[in-house]
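As structure tokens, the structure follows; a few thoughts come after it.
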Amino acid sequence: MVLRGGSSKGLYFVRDDLPTDDGARDDLLLRIMGSPDERQIDGLGGAHPLTSKVAVVGQSARPAIDVDYQFLQIGVAEPLVSDRQNCGNLLAGVGPFAIERGLVDVGTEATEVRVRIHMVNTATTAVAAVPVADGAPVYDGNTAISGVPGTAAAIRLEFDDIAGGSTGALLPTGAPVDTIDGVACTLIDNGMPVVVMRADALGVGGHESCDELESNTALRTRLESIRLEAGRRMGLGDVRDTTIPKLTLVAEPVDGGQLSTRTFIPHRCHDAIGVLGAVSVATAALLPGTPAAEVARPGSAGRVVLEHPTGLFEAAVSVTIAGDVATVDRAGIVRTARKLMDGDAFAR
Ligand code: NQM
């Protein structure tokens, strides 16, 4: 099935329909997506990292969990399939897909189902509140999310334990601020490992278009060198061929939010911002003395509104700070998803 999940789009598979051997599975998925090829012309991929994604969903054997969700990033021009990162946008489609495929029981009377999801990539949990009618997901609704035209039904996602999912700790180096190549950075993992830096520390404003930032070769070279060192410091090893950590440049807000963001995922500039990436950046903004906190405008408790290239992203995050230790109390967001097609894919 093809679903839009949040501001991404991907192919959703039932785990049992794919080869059990990872090598055979990856080979099949590359052929289905049409990779490697810049245009993915001979496959179903959308020629951008945000539309070259796969969700693998299966019934869970874990207590109090309905389904397991594994995210796979499929390379566009490279023959790579990676399970190193999670994806909070495709996560939005997991509840509806699980209901569509009968992996979750829904009574005919229910108007909402809470689907408990084990996120395999980070071994963490999300609960998706999915609107339903007559035992099926409801896709139509009044909720707009930026980066997606029109409106659709809201899916609330709540996260219990996402801090340190990829690196073991919210602040994997133990400090809220590290300096790499003379640039103050927050190396943070509240669901997604991200390097958060002030745009002005890199000689840009932080409000530029993605095209402008992507064509700044000096900036991109410097960002990649910072990323490689940040990956080592975050315990991720050599991150040359992985899509984590992400990089977010922050600046003063100009559009009604609390913080302006431009995010590299990690080589292309995101049209908006990733879900778990946004939760991590919002958390950084709540830690005093960090580059994000320096430029953020104060907001209401438990809520951080991030500006990004195509609008606003609201994250519900609250943090308790005791001495040097920051603990995340709560994290959640609202997304939408939509079934786009269901059928047979013909692999190359
Ligand atoms: O951060 C893009 C996206 C993502 C990932 C990326 C995501 C997340 O927008 O949870 O959703 O950072 O590669 O789909």
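What you see is a predicted model, and the numbers here were worked out from it, not measured in a lab. Each ligand, and each atom within it, is numbered from 1 in the order the structure gives.
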By number and element, which atoms of ligand 1 are closer than 4.0 Å to a non-hydrogen atom of Gly88?
7 (C), 8 (C), 10 (O), 11 (O)

For Pro266 and Thr242 the tightest heavy-atom approach is CG-O, 4.0 Å

For atom 4 (C) of ligand 1, closest protein heavy-atom neighbour
Lys53 NZ, 3.3 Å

For atom 1 (O) of ligand 1, what's the nearest protein heavy-atom neighbour? Residue, atom name and distance, please.
Gly277 N, 2.9 Å

What I want to know is whether Ile265 and ligand 1 share at least one N or O pair that is separated by under 3.5 angstrom.
no

With the threshold set at under 4.0 angstrom, would you say Thr243 reaches ligand 1 through any of its heavy atoms?
no

Consider every N or O of Asn89 and every N or O of ligand 1, then say whether any pair is closer than 3.5 Å.
yes

What I want to check is whether the side chains of Thr243 and Gln73 have a donor and an acceptor closer together than 3.5 Å.
no

for atom 9 (O) of ligand 1, nearest protein heavy atom and its distance come out as His270 NE2, 2.5 Å

Answer yes or no: is there an ion pair linking Asp241 with Arg84, defined by an N-O contact shorter than 4.0 Å?
no

Geometry only, no angles: is Asn86 polar-contacting ligand 1 at N/O separations under 3.5 Å?
no

Minimum distance, heavy atoms only, to atom 12 (O) of ligand 1: which one of Lys246, Arg268, Met192, Arg335 is it?
Lys246

Under 3.5 Å, is there a donor-acceptor pair between the Arg4 and Thr336 side chains?
yes

Rounded at 0.5 Å granularity, tell me how far CG in Leu223 sits from OG in Ser225.
9.0 Å

If we count only N and O atoms by modelled type, under 3.5 Å, do the side chains of Glu252 and His207 hold a donor and an acceptor together?
no

Side chain, backbone, both or neither: which part of Leu50 has a heavy atom under 4.0 Å from ligand 1?
side chain

Looking at every heavy atom in both Glu112 and Arg156, which two are closest together, and how far apart are they?
OE1-NH1, 3.4 Å

Heavy atoms only: give me the nearest Asn86-Tyr69 pair and the separation to one decimal.
OD1-CE2, 3.7 Å

What atoms of ligand 1 come within less than 4.0 Å of a heavy atom belonging to Ser8?
3 (C), 9 (O), 14 (O)

Any Cys87 heavy atom less than 4.0 Å from ligand 1:
yes

